[in-house]
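The structure under discussion appears below in the form of structure tokens.
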Amino acid sequence: FCLKKMKLCSLLLVAVVAAACAVSGANALHLDQLSTASPLSQEEMTDFFAVNVPFVFVFHNGGDVPEHANEIAAAVDGLGRVVTVDVSKPMYTSLMKKLDVSEEDVPCTRVYESNEAKKKYLESTNTEEILSFIEKELPDDLVLVQDPNAPITDILFAEVQKKRLSVFVFTDKPGVPKMVKKLALWLSHSFRFIMYYNPTEEVKSQLGVPKVPTIVTMIPSMQDDGVRIGLNPAPFDRAQFGGMKFINVVRYCMTIQQQLHREGLLEKLFQNVEDPTEKSGSSSSSSSVERAELFEVVYNEDEEDYYCSESQLGLCVIALMDNSPANEQREEQLKVLEEAQNWRSNKGRILSFMYVDAICHPSYADHFNIAPDMLPAIIAVSPKKKIYSQMLSAFSPKSIASFVTGVFSGKERMSQYKNLPVISADDDCEAAHANMLAPIEEEFDLSDLDDVDIGDDYDNMEDEEEEEIMEVRTGPSDEELERAKREIAMKEIKRLQKQNKKKSKKNKKRRRRRRRRSKKKDEL
């Protein structure tokens, strides 16, 4: 891509038509009217289940619209759409059935989640509760925060593949302003909004940034050879559009889009620019947005929630795997995770890839009901919303990337959790791995198992487990033998870890008693 500075006088002098502030498609909603409530239109009813925008429904049965409708709309101020629905009108009958709203429920006010499912909702008229719900339901990757060390061309490649123009918001203050969230929410079909903090003088000069804060859109232009198309900066012109307010930036973006459509440059850009990773099936780390490398989650004495804290944006993609030397596919599985992290569909997404040794930390896998024979397994966690989903497909880069896409789009089933499991300091990885490496004869009878000290819990073996052992004795297959080996090893690991925890508790009690005795002596 070319990043040469160019003059945009001809572009920015184009008059903005009246429809420039309307959402694309059939919806005739004007974006300068978002701070007021209005009746739900037929077009909006069609779009409701297809757009990732929070909707607040104020249901009433005839008469005047409830006064709190406009109060809520003013408080939401464009972070969602506030509509009124008169249930006495036949045009809303089908919608009420889909939303499971009866006339007995009315009057009521409900705010629905932003994803396309629209199944989760909050019933309330409290503006603070509604705003809190909307903030939590906004997509984690709504606005991308640019890593200053990552090449801008990586993002441009990724967004062109999605047929969107990149809009950089340059500022010297951290955080994502509400105005930028609103812009990303309503214009995401054509534009990708990217926060860029503290740009260097070189970047400012390269992109024609006069001062910060400002906004720059990368637009296509035909190169001198008449064949290649480059991307060049188009800074927001305050003299043309006024101050950097929501509706003025909308006019700026719509003006650019309309002019490019008239010149046919958007169509040429999206047809001719080809991402080389499309042929290879996966992308290398050099062609994706730079993010933290794949890492192992281990015990951290100073900070228990360091690996996926509640303040973290985006998704934590956690692989539960056998990290013992007995796992011959360990390196191959780690490579799968690295390829999935850099897969083309994950470009620009806020993702943290990590893995947990489920052999050393079996309680971690137990927390998510993942048995040893299900390893390796993948879970995606949204720490901000405290929800997670488990991948049920094959362990491959493409499957993991598709799973992540499904989580972001709301197609994967999500479950609530209170707290993520803590990696215990008492877990002995060497002992756990040694048990996995312990040799087991290929042919043995039931008496051989009696010699293994697996604790009192195993003495009360259920009938089903006895039948499985008998089948192994009479002629086990390789798969059955491996399963039995893993089950025995895992139970032995848990027994040892229980013993370690008991010892640890006893030691702590002894230390407390000593401190109390010492304190009494000092007092005497």
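Since we're looking at a predicted model, the values are computed, not measured.
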Do NZ/NE/NH1/NH2 and the carboxylate oxygens of Glu137 and Lys120 come within less than 4.0 Å?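 Salt bridge present between Glu137 and Lys120.
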Lys/Arg N to Asp/Glu carboxylate O, Lys335 vs Glu332, below 4.0 Å: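 Judged by the 4.0 Å cut-off on N to carboxylate O distance, Lys335 and Glu332 do not form a salt bridge.
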So, do Tyr112 and Phe55 have ring centers that fall under 6.0 Å from each other?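 Distance test on ring centres: not under 6.0 Å, no.
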Pair Val203, Tyr196 - check side chain to side chain contact (heavy atoms under 4.5 Å, CB included), show working. CA-CA 10 Å; Val203 170; Tyr196 199 120; 3.6 Å; yes
Should we say atom [atom1] of [X] is surrounded by more than 12 heavy atoms from elsewhere, each under 6.0 Å from it?
X	atom1	answer
Arg238	CZ	yes
Lys245	NZ	no
Lys136	NZ	no
Lys178	NZ	yes

Is the shortest heavy-atom distance from the side chain of [X] to the side chain of [Y] under 4.5 Å?
X	Y	answer
Leu165	Leu260	yes
Met354	Glu296	no
Val83	Val56	no
Met96	Val87	yes
Asp357	Met321	no
Cys316	Pro383	yes
Leu95	Leu40	yes
Met218	Leu156	yes

Using every non-hydrogen atom in the two residues, find where [X] and [Y] come nearest and quote the distance to one decimal.
X	Y	value
Glu129	Ser124	OE1-OG, 2.7 Å
Asp100	Arg110	O-NH1, 4.1 Å
Gly175	Met195	O-CE, 3.6 Å
Ile379	Phe403	C-CE2, 4.4 Å
Leu375	Leu320	CD2-O, 3.4 Å
Leu79	Glu135	CD1-OE2, 3.6 Å

Without swapping roles, check the side chain of [X] against the backbone of [Y] for a donor-acceptor pair under 3.5 Å.
X	Y	value
Lys386	Lys418	yes
Tyr355	Asn323	no
Ser132	Glu128	no
Glu123	Thr109	no
Trp186	Gly80	no
Asn248	Phe241	yes
Asp86	Phe59	no
Arg164	Ser188	yes
Ser402	Lys398	yes

Regarding Arg349 and Thr405, is there a side-chain donor-to-acceptor distance under 3.5 Å anywhere?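 Side chains of Arg349 and Thr405: pair found under 3.5 Å.
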Any luck finding a side-chain donor-acceptor pair between Ser221 and Asn232 under 3.5 Å?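 Yes.
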Apply side chain to side chain contact (heavy atoms under 4.5 Å, CB included) to residues Ile194 and Val143 and explain how you reach the verdict. CA-CA 6 Å; Ile194 305 153; Val143 178; over 6 Å; no
Look up atom [atom1] in [X] and atom [atom2] in [Y], then write down how far apart they are to the nearest 0.5 Å.
X	Y	atom1	atom2	answer
Thr171	Ile215	OG1	CD1	10.5 Å
Ile387	Leu315	CD1	CG	8.5 Å
Arg330	Asp322	CZ	CG	9.5 Å
Leu187	Lys182	CG	NZ	11.0 Å
Leu183	Cys253	CG	SG	6.5 Å
Ser396	Gln333	OG	CD	12.5 Å

Fit a plane to each ring of Phe168 and Phe170, take the angle between them on a 0 to 90° scale, and name the class: parallel (under 30°), tilted (30 to 60°) or perpendicular (over 60°).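 The rings of Phe168 and Phe170 lie parallel, inter-plane angle below 30°.
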Whether Tyr364 and Phe368 hold their rings parallel, tilted or perpendicular, with breakpoints at 30° and 60°: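 Plane angle between 30° and 60°, so tilted.
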Check the pair Val209, Val216 against side chain to side chain contact (heavy atoms under 4.5 Å, CB included), reporting the backbone distance first and the verdict last. CA-CA 8 Å; Val209 178; Val216 174; 4.0 Å; yes
One pair to check against side chain to side chain contact (heavy atoms under 4.5 Å, CB included): Ile400 and Trp343. What are the steps and the verdict? CA-CA 9 Å; Ile400 296 173; Trp343 198 262; over 6 Å; no
